[in-house]
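Predicted model, so just to flag it, every value in this text is computed and none were measured.
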Amino acid sequence: MAMSIKKGDTVKILSGKDRGKQGTVLRAFPAEGKIIVEGVAVVKKAVRPNQQNQQGGFERKEAKIHACTAQLVCPKCGQATRVNRKSGELDGKRTKIRVCKKCGHEF
């Protein structure tokens with residue numbers, strides 16, 4: 001499954017408890033079709049005491065979410081948009097370029 005969302009992109013969450021939030025993609029897992037978004041799907045994880053963390057306790061971290069529940073935000077028009085792909089050159093390399101369906105901006 002090809003994902004149009006990459007690390008560093010800004011996305012808007014479409015469904016779930018964090019619907020409407022925007023955040024930056026920290027990691028993408030194309031094989032699983034999942035992403036980790038900054039400030040979205042925050043869970044508490046129990047941590048045992050160890051050498052670095054003498055106290056232990058709870059750690060707050062972002063969990064993976066399905067990429068289909070997030071929509072890419074266009075850097076030019078600032079709206080959540082679907083993405084079209086076309087082949088072209090980016091930084092001197094032949095590659096597929098993502099194109100905003102609303103304003104036509106290539107990124």
Side-chain angles (χ1 to χ4, degrees):
M1 179 179 137
M3 277 188 3
S4 60
I5 299 173
K6 299 178 182 178
K7 180 181 174 180
D9 288 340
T10 303
V11 294
K12 182 176 183 180
I13 306 303
L14 301 177
S15 65
K17 65 178 184 176
D18 295 313
R19 184 172 74 192
K21 286 187 180 179
Q22 282 192 7
T24 306
V25 177
L26 300 175
R27 284 188 72 188
F29 302 93
E32 299 174 35
K34 295 189 177 190
I35 55 175
I36 295 178
V37 182
E38 185 178 23
V40 175
V42 177
V43 294
K44 286 201 308 190
K45 183 175 187 270
V47 179
R48 291 189 134 168
N50 56 27
Q51 289 287 354
Q52 290 84 18
N53 185 4
Q54 298 282 331
Q55 281 286 326
F58 292 99
E59 178 182 276
R60 297 177 66 81
K61 61 185 276 185
E62 291 91 0
K64 293 179 187 178
I65 60 169
H66 285 278
C68 64
T69 63
Q71 197 169 36
L72 199 60
V73 174
C74 176
K76 184 179 177 190
C77 63
Q79 294 182 321
T81 181
R82 291 176 294 143
V83 177
N84 199 4
R85 292 182 182 200
K86 71 174 193 176
S87 57
E89 278 195 36
L90 187 67
D91 299 330
K93 296 180 184 175
R94 296 255 332 135
T95 184
K96 288 195 176 182
I97 299 171
R98 299 178 294 171
V99 179
C100 174
K101 284 239 183 186
K102 292 189 177 178
C103 69
H105 176 68
E106 297 178 356
F107 53 97

Asker: Rounded to the nearest 0.5 Å, how far does CD of E89 lie from CZ of R94?
Answerer: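 Result: 6.0 Å between the selected atoms.
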Asker: Is the number of heavy atoms from other residues, nucleotides or ligands under 6.0 Å of R85 CZ greater than 12?
Answerer: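 Result for CZ/R85: enclosed.
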Asker: So, does R98 use its side chain to make a donor-acceptor pair with the main chain of S4 at under 3.5 Å?
Answerer: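 Side chain of R98 to backbone of S4: a pair is present.
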Asker: Nearest heavy-atom pair of F107 and C74: which atoms, and what distance?
Answerer: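 Heavy atoms of F107 and C74 come nearest at CE2-SG, 4.4 Å.
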Asker: State, with a plain yes or no, whether a side-chain heavy atom of R82 is found less than 4.5 Å away from one of Q71.
Answerer: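 Side chain of R82 against side chain of Q71, heavy atoms only: contact under 4.5 Å found.
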Asker: Can you tell me how far the CD1 atom of I97 sits from the CG atom of N84, to the nearest 0.5 Å?
Answerer: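 Between atom CD1 of I97 and atom CG of N84 there are 11.5 Å.
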Asker: Say you draw a straight line from CD1 of I65 to CD1 of I36; how long is it, rounded to the nearest 0.5 Å?
Answerer: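 Nearest 0.5 Å value for the CD1-CD1 distance: 9.5 Å.
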Asker: How close do Q22 and T10 get, heavy atom to heavy atom, and via which atoms?
Answerer: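 So the minimum-distance heavy-atom pair works out to OE1-CG2, 4.1 Å.
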Asker: Taking all non-hydrogen atoms of both residues into account, name the closest pair between V99 and G104 and its distance.
Answerer: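 It is CG1-O, 3.7 Å.
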Asker: Checking salt bridge (charged side-chain N to carboxylate O under 4.0 Å, His left out) against E106, which of K96, K76, K101, K86 comes through?
Answerer: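 For E106, the salt bridge (charged side-chain N to carboxylate O under 4.0 Å, His left out) test succeeds with only one of K96, K76, K101, K86, which is K86.
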Asker: When you measure from the side chain of E62 to the backbone of G39, do you find a donor-acceptor pair of N or O atoms at a distance under 3.5 Å?
Answerer: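 Yes; judged by distance alone, with no hydrogens or angles, the pair exists.
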Asker: For K102, I'd like to know if atom NZ has over 12 heavy atoms of other residues, nucleotides or ligands within 6.0 Å.
Answerer: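 Result for NZ/K102: enclosed.
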Asker: With a 6.0 Å cut-off (strictly less than), is the heavy-atom count around NE2 of H105, excluding the residue itself, greater than 12?
Answerer: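 More than 12 within 6.0 Å, yes.
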Asker: How close do M3 and G33 get, counting heavy atoms only, and between which atoms?
Answerer: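 Smallest interatomic distance, heavy atoms only, reads SD-CA, 3.7 Å.
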Asker: Sub-3.5 Å donor-acceptor pair from the side chain of D9 to the main-chain atoms of V25, do we have one?
Answerer: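 No.
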Asker: Flag the pair K21 / V37 as yes when at least one side-chain heavy-atom distance between them is below 4.5 Å, and no otherwise.
Answerer: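 No; the side chains remain at least 4.5 Å from each other.
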Asker: Measure across D18 and I13 and return the closest heavy-atom pair with its distance rounded to 0.1 Å.
Answerer: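 Smallest interatomic distance, heavy atoms only, reads O-CB, 3.5 Å.
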Asker: First locate atom OG1 of T69, then atom NZ of K34, and finally report the distance between them rounded to the nearest 0.5 Å.
Answerer: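 Rounded to the nearest 0.5 Å, the OG1-NZ separation comes to 10.0 Å.
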Asker: Between atom SG of C103 and atom CD of Q79, what is the distance when rounded to the nearest 0.5 Å?
Answerer: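 Output value for this atom pair is 8.0 Å.
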Asker: In Å and rounded to the nearest 0.5 Å, what is the NZ to CZ distance from K64 to R27?
Answerer: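 Output value for this atom pair is 7.5 Å.
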